[in-house]
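Structure first, commentary second.
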Amino acid sequence: MSVSEAFQAFARETPEQFGVWVRAVGELGDASALDERTQELAYLAVLAATGLHSGLDFHTRRAIELGASRDEVLSAVLVGLPAAGNRVTSALPSVLAACPARDDITDSDDSTGPEGTTEPSPA
């Protein structure tokens, strides 16, 4: 998965602060009532609505890895359209680049990702 250069610099140049941040993010996730797949989809919506595109590649791929479909990922990005306006559509090129092409997706089950991805673990 692709991680932004800025995020890599954060980890490399300030490892102590990075460790604190990673633990805080983990604890917030653990405290959430949402399963990990749903958290990733919600996070994509937040990234798109706030215009923070550097994390879109990583979180799109992570959502798909956790079993989100291409359509669910795109819907998550667009969910903020009424509130945030057209700004969310600017996230689409980055998200689409990280998504499998429609031709790579089987129609047998919309709850799973592309071939080779694992089903989400039970919450």
Side-chain angles (χ1 to χ4, degrees):
M1 281 188 245
S2 175
V3 176
S4 72
E5 189 175 316
F7 195 75
Q8 291 175 36
F10 175 38
R12 181 181 62 248
E13 300 298 327
T14 58
E16 188 173 343
Q17 291 88 344
F18 180 77
V20 170
W21 181 85
V22 167
R23 287 189 299 279
V25 168
E27 289 181 21
L28 285 168
D30 292 344
S32 177
L34 301 175
D35 62 82
E36 195 174 357
R37 179 182 153 279
T38 304
Q39 286 183 61
E40 286 295 338
L41 291 170
Y43 200 71
L44 283 170
V46 170
L47 290 174
T50 59
L52 298 173
H53 295 179
S54 67
L56 289 171
D57 181 79
F58 178 88
H59 291 285
T60 296
R61 292 175 192 276
R62 183 69 180 134
I64 290 168
E65 180 181 290
L66 292 167
S69 70
R70 182 179 195 270
D71 288 341
E72 288 173 319
V73 167
L74 295 176
S75 292
V77 168
L78 296 175
V79 76
L81 192 57
N86 204 32
R87 165 185 222 154
V88 301
T89 62
S90 67
L92 287 174
S94 296
V95 169
L96 288 169
C99 278
R102 286 204 182 274
D103 296 342
D104 295 339
I105 300 172
T106 61
D107 292 328
S108 61
D109 183 0
D110 286 343
S111 66
T112 59
E115 279 185 35
T117 59
T118 58
E119 300 247 347
S121 58

Worksheet item: Would you say Thr50's side chain and Val46's backbone share a donor-acceptor pair under 3.5 angstrom?
Response: yes
Worksheet item: Side chain of Arg37, backbone of Ala63: donor and acceptor closer than 3.5 Å?
Response: no
Worksheet item: Do Ile64 and Leu74 belong together in a cluster built from hydrophobic side chains that touch within less than 4.5 Å?
Response: yes
Discussion item. Once rounded to the nearest 0.5 Å, what's the spacing between atom CZ of Arg62 and atom NE2 of His59?
Written reply: 10.0 Å
Discussion item. Could you report the tightest heavy-atom contact between Arg12 and Pro15, atom names first, then the distance?
Written reply: O-CD, 3.7 Å
Discussion item. Return the CG to CD distance between Leu47 and Glu40, rounded to the nearest 0.5 Å.
Written reply: 9.0 Å
Worksheet entry | Shared hydrophobic cluster for Phe58 and Val22 (ILVMFWY, side-chain gaps under 4.5 Å) | yes
Fill in: Candidate pair Leu92 and Leu78, rule side-chain contact (heavy atoms from CB on, under 4.5 Å), full reasoning
CA-CA 9 Å; Leu92 287 174; Leu78 296 175; 4.2 Å; yes
Worksheet item: If two hydrophobic side chains count as joined below 4.5 Å and joins carry through other members, does Val25 share a cluster with Phe10?
Response: yes
Worksheet item: Are Arg102 and Asp71 close enough for a salt bridge, meaning some N to O gap below 4.0 Å?
Response: yes
Practice prompt. Would you name the heavy atoms of Ala98 and Arg61 that are closest together and state the gap between them?
Written response: CA-NH2, 3.7 Å
Practice prompt. Could you tell me the separation between the CZ atom of Arg87 and the CG atom of Leu81, rounded to the nearest 0.5 Å?
Written response: 13.0 Å
Worksheet item: Say you draw a straight line from OG of Ser54 to CD of Glu5; how long is it, rounded to the nearest 0.5 Å?
Response: 11.5 Å
Worksheet item: When rounded to the nearest 0.5 angstrom, what is the spacing between CD in Glu72 and CG in Leu41?
Response: 6.0 Å
Worksheet item: Where do Val73 and Ala68 come nearest, in terms of heavy atoms and distance?
Response: CG2-CB, 4.1 Å
Worksheet item: Which atom pair, heavy atoms only, marks the closest approach of Val77 to Val88?
Response: O-CB, 3.6 Å
Fill in: Closest heavy-atom pair and its distance - Pro100, Arg70
O-NE, 2.9 Å
Item to complete: Quick one: pull up OH in Tyr43 and OG1 in Thr60 and give me the separation to the nearest 0.5 Å.
Response: 12.0 Å
Worksheet item: Can you name the nearest heavy-atom pair linking Ala76 to Ala45, along with the distance?
Response: O-CB, 3.2 Å
